[in-house]
Amino acid sequence: MKISDRMLQVEESPTLGTSNKVKELKAQGMDIISLTVGEPDFQTPQHIRDAAIKAIQDNKVNHYVATPGILPLREAIVAYHETHDGITYETNEVIVTTGAKDALYGLFQTILNPEDEVIIPAPYWVSYTEQVKLAGGIAVIVDSKSENEFKVSVADLEAKRTGKTTAIILNSPNNPTGTIYSQDELEAIGNWAVEHNILIVSDEIYYNLCYNGNEAVSVASISEEIKNQTIVINGVSKSYPMTGWRIGYAMGNKEIISKMTEFAGHSANPAAVSQYAALAALKGPQSVSEEMQQIFEKRLNHFYPLLEKIPGFKLVRPRGAFYIFVNAKEAAEMTGYSSVTEFSLALIEEAKVAVISGDGFGFPDYVRISYTLNEETLTEAATRIEDFIAKKAKD
């Protein structure tokens, strides 16, 4: 059967690929600790589930709803960001999507023409480059350095700017590094983007997950000029937690949002029941999100020192999200593997610990390790990894 050229150039998501492999092995009865998953290990709060049930019982979810999202949810999104960021949007500047990933996909389909360039700082979330490809664009990668906490500067970006540069992706807190850009750093990048009429795509899905006194700043909150040059991507999946409900959203220029809505009209928009659940999340008590943030902070502070002392691992302490990005090149060499990818596969098969190889994030010498499990399990995972390296290095 014929496959389109655009799909032939797209690579499988390594996060989903590894997660699926882990599920298969677990189904075979293997005791594998998975540090791969990008979702909280908490259940959706009861008041949110109750709101979804009530919406069903009240016959609110039986028919099509407005393509950009139900009006009460868009109003709640506007109110939330006005309260938390001091940013004012109109409801026609908001579209609700089937997860934040869908918001990004719809945005790139809306703004990119063939060979338009999108600057993407590396390491990056695995789907950015592939979604740009699917829209006919060109992903222009800007490598960062661990000694600068994986951040890029205006000088780094300017070195990659051309006449075809259409957008830049910012992700703070970052997946996979946990890096958070300061307000001054964002202001400098924002002003550079305004000066050169480059759209800022600000992925803020981990916005509420910051630790040890660190806080994330929405780039759109810095100035009206930067806000007008920015499309903010966010959602309820990571913060509440509601990954299975698949609700994300985009906010920004009403012309772009309008065209994204037209695109969604020819693809799909989120299920009504999920939208009523998201409405309850945004308007209800925020204590669940705050408690989860505190638990993740405790896990980070417990797990980071355990990984830090593993031979061959080099780490930069994350400030947000729920990942630790580890340089494992030396560990791979110590254990006789020619690449970190081979090393990470061996961890699954022999140590029974699953991590994500960094090649899908643009940094092949690294692995992404998620700390969304309880402290006892994280301790066991670190022990298994350390024992595996010690045994292999001795052999």
Side-chain angles (χ1 to χ4, degrees), residues 66-71 73-113 116-121 125 127-128 131-132 135 137 157 165-172 181 183 186-187 189-208 216-237 247-265 267 269-270 275 278 282:
T67 302
I70 59 173
L71 182 58
L73 178 54
R74 284 181 285 139
E75 290 174 337
I77 291 168
V78 167
Y80 179 90
H81 285 279
E82 186 169 7
T83 298
H84 287 77
D85 302 313
I87 310 173
T88 302
Y89 289 98
E90 302 296 329
T91 55
N92 63 356
E93 296 175 309
V94 179
I95 180 173
V96 181
T97 58
T98 309
K101 182 184 288 189
D102 185 49
L104 287 161
Y105 182 81
L107 175 61
F108 294 133
Q109 291 292 326
T110 298
I111 66 171
L112 295 181
N113 287 315
D116 280 349
E117 295 176 353
V118 178
I119 295 178
I120 304 176
W125 179 55
S127 291
Y128 291 151
Q131 289 191 351
V132 168
L157 301 174
T165 303
T166 300
I168 173 177
I169 300 176
L170 293 178
N171 178 210
S172 175
Y181 282 82
Q183 179 163 330
L186 290 174
E187 182 174 7
I189 293 173
N191 287 334
W192 170 83
V194 170
E195 179 184 355
H196 299 291
N197 194 29
I198 295 169
L199 185 70
I200 303 168
V201 180
S202 185
D203 183 351
E204 301 177 8
I205 192 67
Y206 296 97
Y207 177 80
N208 286 325
V217 176
S218 174
V219 66
S221 70
I222 294 173
S223 72
E224 193 66 21
E225 292 78 15
I226 294 174
K227 175 196 167 190
N228 293 337
Q229 200 70 29
T230 301
I231 299 293
V232 172
I233 306 294
N234 211 321
V236 299
S237 60
I247 294 292
Y249 53 88
M251 305 185 298
N253 177 277
K254 64 181 179 181
E255 182 179 357
I256 292 177
I257 297 299
S258 175
K259 289 300 180 182
M260 288 179 68
T261 301
E262 289 182 20
F263 176 79
S267 54
N269 57 325
Q275 296 192 48
L282 291 172

side-chain contact (heavy atoms from CB on, under 4.5 Å) between Ile247 and Thr98, intermediate numbers included: CA-CA 5 Å; Ile247 294 292; Thr98 309; over 6 Å; no
[X] side chain vs [Y] backbone, donor-acceptor pair below 3.5 Å:
| X | Y | value |
| --- | --- | --- |
| Arg74 | Val94 | no |
| Glu204 | Asn234 | no |
| Asn113 | Asp116 | no |
| Ser267 | Phe263 | yes |
| Gln275 | Pro270 | yes |
| Thr97 | Ala100 | no |

Check whether any side-chain heavy atom of [X] lies under 4.5 Å from a side-chain heavy atom of [Y], and answer yes or no.
| X | Y | answer |
| --- | --- | --- |
| Leu170 | Ile189 | yes |
| Asn171 | Tyr181 | no |
| Val219 | Val232 | no |
| Gln109 | Gln131 | no |
| Val118 | Ile169 | yes |
| Ile231 | Ile200 | no |
| Leu107 | Val201 | yes |
| Glu93 | Met251 | no |

Show me, pair by pair, the donor-acceptor contacts under 3.5 angstrom made by side chains of residues 78-87, not counting sequence neighbours?
unit_1, atom_1, unit_2, atom_2, d
Tyr80, OH, Asn208, ND2, 3.0
His81, ND1, Asp85, OD2, 2.9
His81, NE2, Tyr249, OH, 2.7
Thr83, OG1, Ala79, O, 3.0
His84, ND1, Tyr80, O, 2.9
Asp85, OD1, Tyr207, OH, 2.1

Geometric cation-pi criterion Lys227 and Tyr89, 6.0 Å radius, 45° cone: yes
If you round to the nearest 0.5 Å, how far is [atom2] of [Y] from [atom1] of [X]?
| X | Y | atom1 | atom2 | answer |
| --- | --- | --- | --- | --- |
| Ser202 | Ile226 | OG | CD1 | 11.0 Å |
| Leu186 | Ser223 | CG | OG | 11.5 Å |
| Met260 | Thr67 | CE | OG1 | 12.5 Å |
| Glu255 | Asn92 | CD | CG | 12.0 Å |
| Leu157 | Thr165 | CG | OG1 | 9.5 Å |
| Thr91 | Ile70 | OG1 | CD1 | 12.5 Å |

Quick check: closest heavy atoms across [X] and [Y], and the distance to 0.1 Å?
| X | Y | result |
| --- | --- | --- |
| Glu187 | Ile222 | N-CD1, 3.6 Å |
| Leu199 | Gln229 | CD1-O, 3.3 Å |
| Ser237 | Ile205 | OG-CD1, 3.8 Å |
| Ala250 | Ile233 | CB-CD1, 3.8 Å |

Ring pair (Phe, Tyr, Trp, His ring centres under 6.0 Å) against Tyr128, all qualifying residues, sequence neighbours excluded: Trp125
Matching residue for Ile95 among Asn269, Ile257, Asp102 - test: side-chain contact (heavy atoms from CB on, under 4.5 Å): Ile257
Salt bridge (charged side-chain N to carboxylate O under 4.0 Å, His left out) partners of Glu225, counting only residues at least two apart: none
